[in-house]
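Step one of this worksheet: look at the structure below.
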Amino acid sequence: MIQIQHLTKRFATDAGTLVALRDISLEIADGDIYGIIGMSGAGKSTLVRCINMLERPDEGSVTVNGHRMETLSPAELRSARREIAMIFQQFNLLMQRNCLKNICFPMELAGVPRDKAERRARELLELVGLPDKAKAYPAQLSGGQKQRIAIARALACDPKVLLCDEATSALDPNTTHSILQLIGKINRELGITVVIITHQMSVVEEVCRHVAILDQGTVVEQGDVREIFSNPHSDAARRLVFPAGAPEQQQMPDRHLVRVAFNGTQTTDKPLVASLAIECGALVSIMAADTRVVNGQTLGSMLLALPENPEERRRALDYIRQYPGISFEEVKK
Ligand code: ADP
């Protein structure tokens with residue numbers, strides 16, 4: 001659905017040229033929910049604005065649903081943009097219009113007759129769970145309700161892609177959860193491809209299937225959410241997974257460390273640390289442990305300090321290597 005190839009975007013600033021995006025390539029499949037995550041200033045908003053050509057890339061290409069976006073004429077671009085809807089952190093509703101009229105607005109612009117637009121708007125109010133708010137004004141709604149109306153408006157012209165730019169960042173955790181559930185439902189029931197821009201790990205973990213991690217304008221890691229979050233390789237991914245700093249950065253001189261990640265494919269009742277002690281006589285220490293729920297599946301990871309005795313350590317490593325349902329890496333030798 002979306003193909004970005006070798007995209008570079010620069011801005012001229014008082015301090016000289018700023019490279020906001022550097023040689024970004026990624027592919028987002030039809031029907032996916034794709035997260036783009038990174039710290040503030042990483043280039044997320046610029047990237048999403050390049051998808052619908054609100055920002056023009058300096059180099060590279062963006063293809064959405066078969067349209068080479070940077071080559072389109074203004075009229076072609078207007079029509080291609082109808083397939084790409086967007087929702088924002090600040091909702092961007094028209095305060096002088098009630099909810100029904102807000103949802104009708106893009107259909108008015110597209111020349112849809114009023115009756116038909118209102119019928120569609122009522123269906124969308126139903127879909128987002130606010131059938132009784134047709135006549136309410138945005139000021140009378142909570143943040144979560146405003147975002148539901150913004151989502152209904154975004155769906156008015158039957159888009160193929162929904163871009164969500166920090167759409168839950170102004171909401172409390174419960175409301176965030178309910179909006180993400182709604183986005184998941186829209187993806188499942190309407191088959192719309194969703195791109196979620198966020199700085200929050202929890203958002204990606206809850207709904208995204210694939211993720212790209214953006215750091216200083218570069219994609220440093222991309223792929224399946226479960227794989228990346230259970231075994232982060234880049235520094236940026238580790239900063240997101242271990243927000244307080246990767247445990248291995250703490251002071252632990254002279255200890256061999258391994259990170260094991262339970263990848264959720266194997267349900268085993270056999271506890272790894274106890275088995276290491278009983279079955280191969282290796283006493284390991286747990287330096288850090290964490291569990292997180294990703295796409296409804298529980299993933300665990302542990303940082304283990306191996307025995308100081310070389311023979312015992314070798315036995316422990318051999319044992320971990322053949323243990324089912326985990327991946328592991330030596331963090332410090
Ligand atoms: P994020 O959304 O990840 O916080 P942005 O895409 O907003 O990051 O910004 C990436 C970088 O590009 C930042 O250093 C920002 O200051 C810079 N930037 C964004 N838009 C402009 C602009 N219009 N002019 C100059 N610099 C910009």
Side-chain angles (χ1 to χ4, degrees), residues 36 40-41 44-55 74 77-187 189-190 192-200 203 207:
I36 297 175
S40 178
K44 304 180 296 294
S45 294
T46 307
L47 179 58
V48 79
R49 288 165 63 80
C50 283
I51 295 179
N52 55 15
M53 292 291 130
L54 288 175
E55 294 287 357
L77 187 56
R78 272 197 300 280
S79 134
R81 275 191 187 140
R82 263 185 229 125
E83 297 182 346
I84 310 172
M86 197 161 174
I87 56 170
F88 307 88
Q89 181 171 355
Q90 323 77 323
F91 322 119
N92 294 8
L93 295 174
L94 300 165
M95 301 308 277
Q96 313 304 331
R97 286 182 161 229
N98 66 29
C99 293
L100 191 80
K101 299 267 184 235
N102 260 286
I103 303 170
C104 286
F105 187 60
M107 294 187 274
E108 259 172 59
L109 294 181
V112 177
R114 195 168 148 184
D115 297 5
K116 197 173 164 203
E118 290 205 1
R119 252 198 326 277
R120 176 76 182 132
R122 287 190 189 278
E123 281 169 21
L124 289 165
L125 278 168
E126 194 80 44
L127 177 77
V128 301
L130 296 176
D132 52 340
K133 295 292 183 197
K135 298 278 186 255
Y137 283 83
Q140 298 168 306
L141 304 180
S142 70
Q145 290 171 331
K146 283 185 197 143
Q147 196 58 290
R148 282 172 189 268
I149 298 298
I151 290 172
R153 183 183 58 181
L155 299 178
C157 291
D158 296 322
K160 299 269 190 302
V161 175
L162 178 64
L163 304 176
C164 310
D165 190 356
E166 297 281 5
T168 55
S169 300
L171 305 175
D172 65 65
N174 284 339
T175 312
T176 294
H177 174 69
S178 73
I179 293 292
L180 295 176
Q181 298 266 304
L182 175 62
I183 290 174
K185 173 173 137 176
I186 287 163
N187 167 262
E189 293 181 4
L190 307 181
I192 294 177
T193 306
V194 179
V195 182
I196 294 185
I197 303 290
T198 182
H199 66 280
Q200 293 171 300
V203 167
V207 282

Subject >> Atom pair OG1 (T176) and CD (Q200), whose distance is rounded to the nearest 0.5 Å >> reply: 6.0 Å
Subject >> Residue pair V194 / C164, side-chain heavy-atom distance below 4.5 Å >> reply: yes
Subject >> side chain to side chain contact (heavy atoms under 4.5 Å, CB included) assessment of L130 paired with C99 >> reply: CA-CA 10 Å; L130 296 176; C99 293; over 6 Å; no
Original post:
Between CD1 of I36 and NZ of K44, what distance do you get to the nearest 0.5 Å?
Top reply: 10.0 Å
Original post:
Looking at CD of E166 and OG of S45, how far apart are the two atoms once the value is rounded to the nearest 0.5 Å?
Top reply: 6.5 Å
**OP:** Please name the pair of heavy atoms, one in A156 and one in L124, separated by the smallest distance, quoted to 0.1 Å.
**Re:** CA-CD1, 3.6 Å
Original post:
Has the side chain of Q147 got a donor or acceptor atom that lies under 3.5 Å from a matching backbone atom of A167?
Top reply: yes
Original post:
Where do C157 and P106 come nearest, in terms of heavy atoms and distance?
Top reply: SG-O, 3.8 Å
**OP:** Rounded to the nearest 0.5 Å, what's the gap from CG on L163 to CD1 on I196? Could you check?
**Re:** 10.5 Å
Original post:
Is a side-chain N or O of R81 found less than 3.5 angstrom from the main chain of N52, in a donor-acceptor match?
Top reply: yes
Subject >> From CA spacing to verdict: side chain to side chain contact (heavy atoms under 4.5 Å, CB included), R119, V112 >> reply: CA-CA 11 Å; R119 252 198 326 277; V112 177; over 6 Å; no
Subject >> Steps toward side chain to side chain contact (heavy atoms under 4.5 Å, CB included) verdict (D165, R49) >> reply: CA-CA 9 Å; D165 190 356; R49 288 165 63 80; 5.6 Å; no
Original post:
Looking only at heavy atoms, which two atoms of D158 and R120 are closest? And how far apart?
Top reply: OD1-NH2, 3.1 Å
Original post:
Under a 4.5 Å cut-off applied to non-hydrogen side-chain atoms, are I197 and M86 in contact?
Top reply: no
Original post:
Between the main-chain N or O of L171 and the side-chain N or O of T168, is there a donor-acceptor pair closer than 3.5 Å?
Top reply: no
Original post:
Do N98 and K101 have side chains that get closer than 4.5 Å, going by heavy atoms?
Top reply: yes
**OP:** Could you give me the CA-CA distance, side-chain angles and deciding distance for E118 and R114, then say whether salt bridge (charged side-chain N to carboxylate O under 4.0 Å, His left out) is met?
**Re:** CA-CA 6 Å; E118 290 205 1; R114 195 168 148 184; 3.5 Å; yes
Original post:
Should the pair E126-R122 be classified as a salt bridge under the 4.0 Å nitrogen-to-oxygen rule?
Top reply: no
Original post:
Is N102 reaching over with its side chain to a backbone N or O of R97, donor-acceptor style, under 3.5 angstrom?
Top reply: yes
**OP:** Mind listing the closest non-hydrogen atom pair of A154 and P159 along with its distance?
**Re:** O-CG, 3.4 Å
Original post:
So do V161 and E83 actually touch side chain to side chain, heavy atoms under 4.5 Å?
Top reply: no
Original post:
Rounded to the nearest 0.5 Å, what separation is found between the NE2 atom of H199 and the OG atom of S40?
Top reply: 8.5 Å
Original post:
Ignoring hydrogens and geometry, is there a side-chain-to-backbone donor-acceptor pair from N187 to I192 under 3.5 Å?
Top reply: yes
Original post:
Shortest non-hydrogen contact from P138 to K146?
Top reply: O-CE, 3.1 Å
Original post:
Does any non-hydrogen side-chain atom of K185 lie less than 4.5 Å from one of L127?
Top reply: yes
Original post:
Can you tell me how far the CD1 atom of I87 sits from the CD1 atom of I149, to the nearest 0.5 Å?
Top reply: 12.5 Å
Original post:
What pair of heavy atoms forms the shortest contact from I51 to I84, and how long is it?
Top reply: O-CD1, 4.2 Å
Original post:
Just wondering, do L125 and D132 contact through their side chains at under 4.5 Å, heavy atoms?
Top reply: no
